[in-house]
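The structure appears below as structure tokens.
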2 protein chains.
Amino acid sequence: MSVTIRDVAKKAGCSIKTVSRVVNQEAHVTPDLRDRVLAVIDELGYVPNISARRLVQNRSYMICILLHASGVFQSSLISKVLDLGYEGNYDILIQTYYPAFSRSQSKIASLINERRIDGLVTTPPCDSDPYLINMIQQSKLPHVHIAPINPTGGTPYVSAEDYTGAYQMTERLIGLGHYRIGLLMGLRNHRTSLDRLYGFRAALERNDLAFNEQLAIDSENNFPGGYNATKILMGLKQPPSAIFALSDEAAAGALFALNELGIKVPHQVSLVSFGDMGFSHQIWPGITAVKYPVEQIVEQSVEMLIKLVEDRPLDVKQMIFPTTIIERGSTARKE
Amino acid sequence: MSVTIRDVAKKAGCSIKTVSRVVNQEAHVTPDLRDRVLAVIDELGYVPNISARRLVQNRSYMICILLHASGVFQSSLISKVLDLGYEGNYDILIQTYYPAFSRSQSKIASLINERRIDGLVTTPPCDSDPYLINMIQQSKLPHVHIAPINPTGGTPYVSAEDYTGAYQMTERLIGLGHYRIGLLMGLRNHRTSLDRLYGFRAALERNDLAFNEQLAIDSENNFPGGYNATKILMGLKQPPSAIFALSDEAAAGALFALNELGIKVPHQVSLVSFGDMGFSHQIWPGITAVKYPVEQIVEQSVEMLIKLVEDRPLDVKQMIFPTTIIERGSTARKE
DNA sequence: TACAATATTGACAACGTTGTCAATATGAAG
DNA sequence: CTTCATATTGACAACGTTGTCAATATTGTA
């Protein structure tokens with residue numbers, strides 16, 4: 001099946017031990033032979049089998065950092081992943097990915113190509129990076145998407161009703177008398193951001209309100225993004241009476257900006273967010289939010305992935321979970 | 001060195017294949033023989049070598065969840081761990097630990113005893129659990145403590161100047177004219193909590209202020225802990241004019257409670273925290289805090305652990321990093 | 001040139017498990 | 001009591017690498 005050290009040795013006309021020496025950068029190989037071996041390695045695409053190395057060296061090449069469960073080092077996604085780590089026979093490796101960062105890319109490549117992992121779950125916006133997606137598909141590694149931007153070629157995915165959630169929240173704001181609603185959008189390479197935007201627009205239309213480009217600010221889904229966008233919004237001649245932040249972090253930034261401006265929430269401006277991943281209820285006055293079912297999504301995606309890995313049948317290849325609205329203190333009827 | 005399937009087979013008087021069948025709960029073993037084998041397994045303390053299994057089955061038994069680096073799923077500790085995951089040859093497994101939760105205990109036991117990990121870093125208050133510490137020491141697994149409650153028997157550790165940080169912050173509050181300072185304490189099984197408490201007391205004494213038991217509330221280092229403690233503090237006949245929360249989360253809870261009570265921060269009450277692990281600057285009005293050097297601590301602990309794992313010499317076995325004070329908007333001179 | 005010292009290379013065992021298949025024991029049916 | 005089917009057991013190869021040690025080639029020194 002895969003290329004082994006033996007294949008390389010044969011083609012290069014030397015012993016497997018010599019190949020081993022080249023791979024491990026040991027001394028005692030003539031430059032000539034080394035180059036020949038390296039060429040063959042390159043040509044055949046040989047990667048060492050880490051399990052064999054682990055066995056013979058009696059080493060796992062894995063280390064562990066133990067967190068106490070009482071810790072605060074956990075947003076709800078990570079927290080759920082860590083919980084799932086208790087179940088089953090799998091260790092779950094959490095890995096971050098910066099598309100443009102070569103060390104990140106080569107780490108992922110090594111995980112995939114050396115078959116150090118049996119399967120992979122990707123979260124947005126990882127899946128908007130063609131290099132990564134291409135590599136995963138080439139490798140035929142079992143793969144499950146979370147909220148993909150573009151559910152390609154039958155790859156199973158798990159997602160949530162972002163559209164409906166945003167629609168319902170927007171209708172609720174409209175019902176409170178708000179007709180100028182600021183929108184703090186996330187980046188467009190994120191499926192969830194797009195769906196939330198569409199849901200927002202649909203609710204406006206449904207209520208005969210025009211979508212006002214000026215009130216929809218492209219910002220990143222983070223604190224400074226929300227902060228800056230809110231400063232812009234409130235600086236308009238006709239500022240909004242409500243702000244819909246498409247992420248918790250942007251909402252926190254918005255609230256900070258409103259506080260700084262001396263604007264009272266919710267009496268002067270209502271604020272809502274999308275996510276509710278952890279601290280929406282920990283900042284005053286508590287942010288009314290669309291709850292994103294991140295625990296269920298993570299649990300399902302891992303479960304699907306394990307089925308794929310174990311070659312068990314997948315009854316459903318797409319799962320979409322509903323969102324719910326959590327009422328807190330940051331919304332009020334427009335005065 | 002360690003017990004293999006062959007040792008079990010020999011002692012039980014059967015073939016290794018039969019032992020394998022028992023271990024993997026396959027059919028075709030008479031109950032009699034199975035019991036005999038199980039007894040031997042128990043007696044010898046046999047655990048299967050996962051690397052061998054991985055090799056022969058061509059499976060890694062590890063799965064990966066990929067997070068985009070832009071994510072918000074990261075407090076600074078996890079964030080740092082994930083960054084370190086790019087470097088070196090090690091995959092870093094993040095595992096949580098609930099002392100009283102048997103599934104958690106058996107997961108850790110399996111990681112340690114099956115040698116699925118080469119080494120372990122523990123964070124408080126993991127190290128206050130004797131079951132765990134005992135298991136680690138029995139196993140002789142390379143081990144580094146972060147801020148241990150009780151630096152036992154030469155185990156290397158990394159920590160910070162909790163005492164000095166608390167001392168300096170307390171002096172700063174006193175310098176602002178506060179002489180009734182509420183203290184939101186963490187649990188006593190946490191080294192850092194104790195040291196911070198001692199630093200606080202020392203600063204009071206130094207300034208001829210008595211430590212007031214009533215103003216020091218035992219609370220957990222989390223949001224509800226800080227919230228409840230603050231409600232108690234502000235309900236006193238003589239409430240404090242400043243509050244020192246020994247964690248960011250408790251500070252967030254305190255701020256929420258103060259807001260709820262209509263008490264203005266910092267004009268009526270000053271609030272400071274210890275940690276500054278991420279969102280202290282994202283909640284209004286920004287919390288003045290002692291910065292805990294978590295990135296350096298994590299980086300050093302992992303570096304030390306890898307040296308231990310690779311049998312390289314450790315020039316220093318204890319490292320203690322300084323803390324710094326970050327001034328924000330939550331402190332003011334007492335009126 | 002001869003000899004020792006050193007550098008290079010390879011044959012083969014070992015790591016600890018699971019899979020294959022043959023050998024044997026047991027039970028059922030005639 | 002046979003005969004056949006099935007359940008139980010074990011011998012041995014295989015997985016892909018690294019470590020050991022011996023064999024050979026090369027270099028340096030007298």
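Lettering follows sequence order; numbering is per chain, from 1. No hydrogens, no waters, no symmetry mates; every other heavy atom, side chains included, goes into these values. Since the structure is predicted, the reported quantities are computational estimates derived from the model, not experimental observations.
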Among side-chain atoms of B:Ser60 and A:Asp118, is any donor-acceptor pair under 3.5 angstrom? yes

Considering only heavy atoms, which members of residues 25-44 of chain A lie under 4.0 Å from some atom of DNA chain D? none

Partners of A:Tyr131 by ring-ring contact (aromatic ring centres under 6.0 Å, His included), sequence neighbours excluded? none

Length of the line joining A:Ile50:CD1 and D:dT18:P, which is rounded to integer Å: 10 Å

For the NZ atom of A:Lys10 and the CG atom of A:Leu44, what is their distance to the nearest 0.5 Å? 11.5 Å

Would you call B:Asp315-B:Lys307 a salt bridge at under 4.0 Å N-O? yes

Hey, is the main chain of A:Gly85 close enough, under 3.5 Å, to the side chain of B:Lys107 for a donor-acceptor pair? yes

Report, as a single string ordered 5' to 3', how protein heavy atoms within less than 4.0 Å touch nucleotides 22-27 of chain D: B base, S sugar-phosphate only, - not at all. ------

Closest heavy-atom pair and its distance - A:Leu141, A:Ile117: CD1-O, 3.6 Å

Distance, rounded to the nearest Å, where B:Lys17 contributes NZ and C:dT17 contributes P: 12 Å

Would you please name every residue forming a ring-ring contact (aromatic ring centres under 6.0 Å, His included) with B:His190, sequence neighbours left out? none

Using only side-chain N and O atoms of B:Tyr46, determine if any of them is under 4.0 Å from OP1 or OP2 of C:dT17. yes

Out of B:Gln318, B:Lys317, B:Gln137, which residue meets the side-chain contact (heavy atoms from CB on, under 4.5 Å) rule with B:Thr155? B:Gln137

Closest to the A:Cys14 side chain, choosing from C:dT17, D:dG16, C:dG10: C:dG10

B:Glu114 CD to C:dT17 C1', in whole Å, measures 13 Å

Going by distance alone, is a donor N or O of one side chain under 3.5 Å from an acceptor N or O of the other, for A:Ser15 and A:Thr18? yes

On DNA chain D, nearest-nucleotide positions of B:Thr18 versus A:Val19: which is more 5'? B:Thr18

Assess, by modelled atom type and distance only, whether the side chains of A:Arg116 and A:Ser110 contain a donor and an acceptor separated by less than 3.5 Å. yes

Just by modelled atom types, is the A:Ser51 backbone N or O under 3.5 Å from a matching donor or acceptor in the B:Arg54 side chain? no

Atom pairs, N/O to N/O, protein against nucleotides 13-15 of chain C, distance under 3.5 Å?
none

Between CZ of B:Arg116 and P of C:dT17 the distance, given in whole Å, is 14 Å

The helix from C:dT1-D:dA30 to C:dG30-D:dC1: angle between terminal helix axes, five bp per end, to the nearest 10 degrees, reads 40°

Does the base of C:dG10 carry an N or O that pairs as donor and acceptor with the side chain of A:Arg21 under 3.5 Å? yes

Report the distance from atom CD1 of B:Ile5 to atom P of D:dG10, rounded to the nearest whole Å. 12 Å

Within the structure shown, what part of the strands sits under 4.0 Å from B:Asn24 by heavy-atom distance: base, sugar-phosphate, or nothing? sugar-phosphate

Could you label the plane-to-plane angle of the B:Tyr86 and A:Phe101 rings as parallel, tilted or perpendicular, counting under 30° as parallel and over 60° as perpendicular? perpendicular

Check for a donor-acceptor pair, side chain of B:Ser301 on one end and backbone N or O of B:Val144 on the other, with a separation under 3.5 Å. no

Determine yes or no for a side-chain-to-main-chain donor-acceptor pair under 3.5 angstrom, with B:Asn24 supplying the side chain and B:Ser20 the backbone. yes

Any A:Ser20 side-chain N or O less than 4.0 Å from OP1/OP2 of D:dT17: no

Whole Å only: how far is the CZ atom of B:Arg59 from the C1' atom of C:dG19? 15 Å

